[in-house]
Amino acid sequence: ALAPAIGEDFFPNVDGGQFQLHVRAPAGTRLEETEMIFARVEQTIKRIIPEKDLSMVLDNIGLSTYGTALAVGSNATVGPADGDMLVQLKAEHEGATADYVRELRKVLPVEFPGVTFFVQPADMVNQVLNLGLPAPIDVQVSGQNRAGNYEAAQKIATEIARIPGAADVRVQQVMNAPEMRFAVDRVKAQEIGLTQRDVASDLLISLSSSGQTAPNFWVNPANGVQYAVNVMTPQYKMGTLDELQSTPVAVAGTNVPQQFGNLAIASRGITPAVVSHYNVQPVFDVFASADRRDLGSIAKAIDGIIDRARPNLPKGSQITMRGQVQSMRSSFTGLGFGIIFAILLVYIILVVNFQSWLDPLIIIMALPGALAGIIWMLFITHTTFTVPSLMGAIMAMGVATANSVLLITFADDQRQAGRSAAEAAVDAGFARLRPVCMTALAMIIGMLPMALGLGEGGEQNAPLGRSVIGGLLVATFFTLVIVPLIYSIMRRGASVPDATT
């Protein structure tokens, strides 16, 4: 009954002393303006986080033109209007990192209206668990109908934001980046002997250099190294629309160039800042994180939102939840089947060893107690089901099984000596009290420092220790009381096993 109230997380959250804040200004903001916004955000961060706790703030603004930096950089950055801020706390910081993040989530949107803020994982563990995504929950709306899918993604994001515990909910793709559109008047261009390609090529050379259309290289005779020689208009001379329209367009057969503005009509519009694909299909990502609530509960609430939104999708579109949630569910399913398989395997091995179907069944009666103790301990300590806690469950069940084998073996020996089933069970309980308690106490005391989560990163392995301690506390009681009781009942009147077997 307590299991649904415990919750699920892939791995425990660890206070790494740093967080990565993503700042996204309105689409179309120039890099210089974005830098000024970042400077003001830094001042707010320094005001909220005291100087005695703050170590460093590192900004990474805009997209890099280098392939290596683009490959290893944040995939949440889509243009010059956004970037990342890595905030590093001092090793001896007093305040919890999560508390500072929550305070920033409240203050920043109020002080900077129109700017989007969300926190990305800064530690290596969560970055790997997210499979490179900037959030543990990724709801993907894919299909060819981009307008309908984007509208569906926005509605889903609005509903997810209402879920208690869901934080940093946003649609990754920016669809309203401003752009200038130029339509070449082909009649005028044809009158002076130009094609649309000629006009577009001259503009491309002016804005993106001649390296795009006519690569040219100069070889240094001193060292033999080739250097690219590109020609383009300086960016500071392209600050206005009039300057852009004054771009010269070369006309064949004449020395007088034509201005670009005389050949093309300008208009304003909006365009997607980034276009994402998954399995060839265009996709819109709705990202979300968890705060003060387990990841599994939020994912279950999102499942309901997805089920309600799926019938209203455009034809050919689909919704899928990916990210850390998908990995967590597949891992938990595998661990659950692993625990069941381990119990069956232990039972079969005990059947072969005892040459009986009943004694192994009595032995594994201690396992329900171990499972109950694990759930009770996780519930009391406010610990969720994680991969470490499930690993601790497997360890606790192994020790509980070994103690039960010790007790049942002694009880069978007593029955061979002529004792009744009830007397043999009582004798086994008293005789094996010391070794069973010593085995359980050794494991419990050894796991106690781990369960307390002491030291840096201790939160990572604390669920394992708590599972082992809780499982053994109840399993030991089951081994010494419940298992002998069941043995005395189920072996009542049964034949005495042959000593030779």
Side-chain angles (χ1 to χ4, degrees), residues 1-3 336 338-380 392-448 466-501:
L2 292 177
I339 292 175
I340 297 173
F341 178 76
I343 295 173
L344 294 177
L345 182 62
V346 167
Y347 178 74
I348 293 173
I349 293 174
L350 292 176
V351 168
V352 175
N353 184 42
F354 281 86
Q355 294 296 308
S356 169
W357 294 95
L358 189 57
D359 281 347
L361 183 61
I362 299 173
I363 289 172
I364 64 174
M365 287 296 105
L367 299 185
L371 293 174
I374 292 168
I375 294 176
W376 287 342
M377 179 61 71
L378 295 179
F379 180 79
I380 293 172
I394 295 175
M395 295 175 60
M397 289 191 298
V399 176
T401 303
N403 288 338
S404 295
V405 169
L406 191 68
L407 189 140
I408 296 302
T409 302
F410 187 88
D412 283 342
D413 293 339
Q414 290 298 106
R415 290 182 61 227
Q416 291 176 8
R419 308 280 286 177
S420 64
E423 294 172 341
V426 173
D427 293 342
F430 280 105
R432 296 307 184 194
L433 175 63
R434 181 179 297 178
V436 168
C437 291
M438 288 177 61
T439 303
L441 284 176
M443 182 68 76
I444 292 173
I445 295 173
M447 288 291 176
L448 191 59
R466 294 167 186 171
S467 295
V468 172
I469 292 175
L472 288 181
L473 285 175
V474 181
T476 302
F477 171 78
F478 268 59
T479 301
L480 295 175
V481 178
I482 304 300
V483 171
L485 178 62
I486 296 177
Y487 183 87
S488 64
I489 295 174
M490 300 186 69
R491 279 298 184 182
R492 182 185 302 169
S495 59
V496 179
D498 189 0
T500 60
T501 60

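These numbers come from the heavy atoms of this one structure, side chains and all, not from hydrogens, waters or symmetry mates.
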Check the pair Leu361, Met490 against side-chain contact (heavy atoms from CB on, under 4.5 Å), reporting the backbone distance first and the verdict last.
CA-CA 10 Å; Leu361 183 61; Met490 300 186 69; 4.3 Å; yes
Might you work through the side-chain contact (heavy atoms from CB on, under 4.5 Å) test for Val481 and Leu485, ending with a clear yes or no?
CA-CA 6 Å; Val481 178; Leu485 178 62; 5.7 Å; no
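Among pairs with a residue in residues 341-357, none fulfils salt bridge (Lys or Arg N to Asp or Glu O under 4.0 Å), at least two apart in sequence or across chains. Residues in residues 347-358 take part in no salt bridge (Lys or Arg N to Asp or Glu O under 4.0 Å) pair, two or more places apart or across chains. Within the structure, no pair that satisfies the salt bridge (Lys or Arg N to Asp or Glu O under 4.0 Å) test touches residues 393-411, not counting sequence neighbours.
Remark: Ser356 pairs with Arg491 by the side chain to side chain donor-acceptor pair (under 3.5 Å) rule, at least two apart or across chains.
Leu472 contributes atom CG, which lies 8.5 Å from atom CE of Met447 (distance to the nearest 0.5 angstrom). The structure places CG of Leu367 at 5.5 Å from CD1 of Ile343, a figure rounded to the nearest 0.5 Å. Separation of atoms CZ (Phe478) and CD1 (Ile364) is listed at 13.0 Å; rounding is to 0.5 Å. In this structure, the separation between CZ on Phe430 and CG on Leu480 is 10.5 Å, given to the nearest 0.5 Å. Annotation: the span from Ile486 atom CD1 to Met365 atom CE amounts to 6.0 Å, rounded to 0.5 Å. Taken to the nearest 0.5 Å, the CG atom of Leu345 stands 9.5 Å off from the CG atom of Leu350.
Closest approach of Val468 to Gly392, counting heavy atoms only: CG2-O, 3.5 Å. Across Tyr347 and Trp357, no two heavy atoms sit closer than the pair OH-O, 2.9 Å. Contact detail for Val483 and Thr479: the closest heavy-atom pair is CB-O, 3.7 Å. Shortest non-hydrogen contact noted between Pro484 and Ala425 is O-CB, 3.3 Å. When all heavy atoms of Tyr487 and Ala424 are compared, the closest pair comes out as CE2-CB, 4.5 Å. Scanning all heavy atoms of the two residues, the minimum distance from Ser420 to Arg415 falls at O-CG, 4.2 Å.
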Side-chain donor-acceptor contacts of residues 431-443 below 3.5 Å, not counting sequence neighbours, with atom names and distances?
residue, atom, partner, partner atom, Å
Thr439, OG1, Pro435, O, 2.9

Give every donor-acceptor pair under 3.5 Å between a side-chain atom in residues 394-409 and any protein atom, sequence neighbours left out.
residue, atom, partner, partner atom, Å
Thr401, OG1, Met397, O, 2.8
Ser404, OG, Ile363, O, 3.4
Ser404, OG, Ala400, O, 3.2
Thr409, OG1, Val405, O, 2.7

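Summarising the local packing, CZ of Phe410 is surrounded by more than 12 heavy atoms from other residues, nucleotides or ligands at distances under 6.0 Å.
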